[in-house]
Participant: 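This is the structure, below, for whatever I ask next.
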Number of protein chains: 2
Amino acid sequence: MMARIDTEQFLKDLNDLRRIGAYRTGVHRPTYSPQDMESRRWLVEKLTACGLEASIDGIGNVYGRHKGPGPHLLVGSHIESQNQAGWLDGALGVVAGVALARAGLPVDVCAFADEEGHFEGGFLGSRSIIGELSEEEMDRSRSRNDGQPLREALAAAGLAGKPRMQLEPGRHKGFFEMHIEQGTNLESQGLRVGVVTGIVAIWQWLIRFEGQQDHAGGTTMAERKDAGLSAVRLLAAIDQEFPRVCGERSTWTTGRIALEPGAPSIIPGSAEVLFQFRDVAVPVLERMEQTLRRLVQESNRREKCPATLTQKSRATPAICDPAMMAALEAAAQDLAPGAWTRMPSGAGHDAQYIAKRMPAAMLFTPSIGGISHHWAEDTKEEDLALCCEVLGSAAERFLSA
Amino acid sequence: MMARIDTEQFLKDLNDLRRIGAYRTGVHRPTYSPQDMESRRWLVEKLTACGLEASIDGIGNVYGRHKGPGPHLLVGSHIESQNQAGWLDGALGVVAGVALARAGLPVDVCAFADEEGHFEGGFLGSRSIIGELSEEEMDRSRSRNDGQPLREALAAAGLAGKPRMQLEPGRHKGFFEMHIEQGTNLESQGLRVGVVTGIVAIWQWLIRFEGQQDHAGGTTMAERKDAGLSAVRLLAAIDQEFPRVCGERSTWTTGRIALEPGAPSIIPGSAEVLFQFRDVAVPVLERMEQTLRRLVQESNRREKCPATLTQKSRATPAICDPAMMAALEAAAQDLAPGAWTRMPSGAGHDAQYIAKRMPAAMLFTPSIGGISHHWAEDTKEEDLALCCEVLGSAAERFLSA
């Protein structure tokens, strides 16, 4: 028996949700904002209408619990958006969960709060539901947008003092998350479905160079301790060396270079570089780390401005469950023969935390032009509908496997 | 007859002036601030006490006119400071002018307004007095500190509507400016006097790279258009190539690198680099410009992020007058045998504008540790006194030559 996904209603739900916090063709629903809370209440109604027992917990997670017998699946993603960002992103995976529930599949549906990290820490909802968000961290966390304490934001959203839900051990056979790709791999190959093999870990670094601030006219080139120049030389060395040690799909990014004081006629006295690399394989991550450490050491032997390397995050990559991937692949091959591929997720997702408690897998839809975290983000309706059907079919296959 | 410089009174004047806008061991006297205006009124009193006819004009220039017969010299510098900066800098050259007037030398003394460029344009006073500051530019100029329009600042300082003084053609045989070195050339060679050969020209550039802002996870290395990486590669190429074409004392500086949006997980969509180089010789400046243009062209042939090069300033270097330099050298050799040298000025000074209207020359005192534009800036009292005596002696020699 194959559950029928009502793709028309699925697309209507997505477009209804798009009206909450609408911004140009996208949405603006930062976590715990009035728009975000409106979308969570909208979701509770939708889940209830599909026969689930729905509620919002003390961190803002919306959870719809299937009332019938198991085995159960957990399906979902996040519903808040980046600022002035796209209408799909996390909302897609949540509304896909609603579609599966409507089709009668035995799924619990969850919208995890603040995957987007509007508050320090990020992934508050998925970390909370697996028991990895402490009250102390909540006491400390502040909005990255305006500095508002998390506790104040929760109180303003009417969530203060509400209990925080935990996953029920043994209830779920696995977690499925559907999401937009946020890249152009699928689109550029003319593919319509991505079966995610794993979620990369991001290792973030702060590299700080200490030089000496001086007048750009009075100080000869030989006398200078130009922290900015030492930073440029290290970044050029990374650009040379990383391709020799990286994996096939590794990425590395310098997001910020800040020279102090940053004036045209002053030799920078210090420089700060935000650097990160990503991969799904720990040995590759470790090889990139070794290379980075060696290049910093070489810089410190050669340059007059000492560099200090500080690791800001060191996550563990999440490998997707082989049986769930097999179910996704079989469903994709059935519904879109030859138009799907396996691929890693370069971005972080709630699934990486849920994967600590149960088997997890992800499905990607194509992103038009690869645009993400921008209001212009979009995906073709036929791709959205197809992927929701693939998800439903995979859920059935996995449940009956 | 040798004019006697009262070095004790000279040092006392400097220390009296240091109390106006005192900040730690330095001063904070931004142009047209109450502290700056207090220092200008203090100077008017000092000049009057030395027998000069003193006034403040509509751009804030303080001018003390010698009442006796010529030939006359013009002596001076600027009296405002950078923010939280040193007590000597320009104040030294102004107070040295007072000392020469006190000794009975036929000098006019001028403190030019805003050499430090607190307002857009900079060098307002010296450019005004040679007729190169238009009313239209004054209408447009704003404070670089807080955006206040120049006209408002002049009104608040009581200068609105006052006429702006022009140099009297033919009145002066030459202009002498004494200043701190703002570098460590003198100190590192154990020297006490620097005879300036010329003032470097600064050619400033904005280099802008246009890439594509993307998610640092979803976009493969091959797909990226990372504007920051293109900037780093160009800056590394400049670091390689400029030493091959520069002059002996050329300098080049990247003061700022701004990546947009500057977040850890976003591939920079654009990058802006503030770059400048300096030299006293136009052929050397032109060689560096050619090299820069070639490297930008090469970048545009190689990189996916097009670079645009915009020249922000293209000054003309000022060559010091040979007869005035000879007078300074003879005086230095007389008062500090073997303890002086010739050197270019790497920083801009009022003398570069005054040199457009009359012969000009400059004298440097050592800067302890090369510190400049910082409250810790300092020079030994014996070096200050010696250089003031060298200036007085050189003025006499040049007048009688």
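Just so it is clear, the structure is predicted and the values come from calculations on it, not from any experiment. Sequence lines set the chain letters: A, B, ... in the order given, protein chains first and strands last, and positions in each chain run from 1.
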Participant: Before giving the answer on side chain to side chain contact (heavy atoms under 4.5 Å, CB included), spell out for Thr253(B) and Arg224(A) the whole-Å C-alpha distance, their side-chain angles and the decisive distance to 0.1 Å.
Facilitator: CA-CA 10 Å; Thr253(B) 308; Arg224(A) 291 175 179 220; 2.7 Å; yes

Participant: Name the member of Gly218(B), Ser188(B), Pro243(B) that forms the most heavy-atom pairs with chain A at distances under 4.5 Å.
Facilitator: Gly218(B)

Participant: What are the two closest heavy atoms between Pro268(B) and Gly255(A), and how far apart are they?
Facilitator: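 Shortest heavy-atom separation between Pro268(B) and Gly255(A) comes out as CG-O, 4.3 Å.
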
Participant: Chain B heavy atoms under 4.5 Å from Leu229(A): which part of the residue, side chain, backbone, both or neither?
Facilitator: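 The side chain, not the backbone.
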
Participant: Which one of Asn185(A), Ile238(A), Ile266(A), Ile371(A) has the most heavy-atom pairs closer than 4.5 Å to chain B?
Facilitator: Asn185(A)

Participant: Just do the side chain to side chain contact (heavy atoms under 4.5 Å, CB included) check on Ser265(B) and Arg278(A) with the steps written out, would you?
Facilitator: CA-CA 10 Å; Ser265(B) 286; Arg278(A) 302 174 183 226; 3.1 Å; yes

Participant: Which of the residues Ala347(B), Cys246(B), Pro261(B) is involved in the greatest number of heavy-atom pairs with chain A at under 4.5 angstrom?
Facilitator: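 Maximum pair count with chain A is reached by Ala347(B).
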
Participant: Any idea which heavy atoms bring Arg256(A) and Gly262(B) closest together, and the distance?
Facilitator: NE-O, 2.7 Å

Participant: Please determine whether the number of non-hydrogen atoms from other residues, nucleotides or ligands lying under 6.0 Å from atom CZ of Arg342(A) exceeds 12.
Facilitator: no

Participant: Would you mind reporting whether Phe242(B) and Met221(A) have side-chain heavy atoms less than 4.5 Å apart?
Facilitator: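 Counting from C-beta outward, Met221(A) and Phe242(B) never come under 4.5 Å.
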
Participant: Answer yes or no: is there a side-chain heavy-atom contact under 4.5 Å between Thr254(A) and Val232(B)?
Facilitator: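 The answer is no, as the side chains (C-beta and beyond) never meet within the 4.5 Å cut-off.
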
Participant: Could you report the tightest heavy-atom contact between Ser372(B) and His215(A), atom names first, then the distance?
Facilitator: OG-CD2, 4.3 Å

Participant: Less than 4.5 Å apart, side chain to side chain, heavy atoms only: is that true for Thr251(A) and Thr219(B)?
Facilitator: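 Result no, sub-4.5 Å side-chain heavy-atom pair not found.
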
Participant: For the backbone of Pro264(B) and the side chain of Gln276(A), can you confirm whether one donor and one acceptor N or O come within less than 3.5 Å of each other?
Facilitator: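 Side chain of Gln276(A) to backbone of Pro264(B), a donor-acceptor pair under 3.5 Å: yes, one is there.
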
Participant: Heavy atoms, side chains only, cut-off 4.5 Å: are Gln182(A) and Asp214(B) in contact?
Facilitator: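 Of all side-chain heavy-atom pairs linking Asp214(B) with Gln182(A), none is under 4.5 Å.
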
Participant: Under a 4.5 Å heavy-atom cut-off, does chain A meet the side chain of Ala216(B), its backbone, both or neither?
Facilitator: both

Participant: Look up atom OG1 in Thr220(B) and atom CZ in Arg249(A), then write down how far apart they are to the nearest 0.5 Å.
Facilitator: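 So the gap between those two atoms works out to 6.0 Å.
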
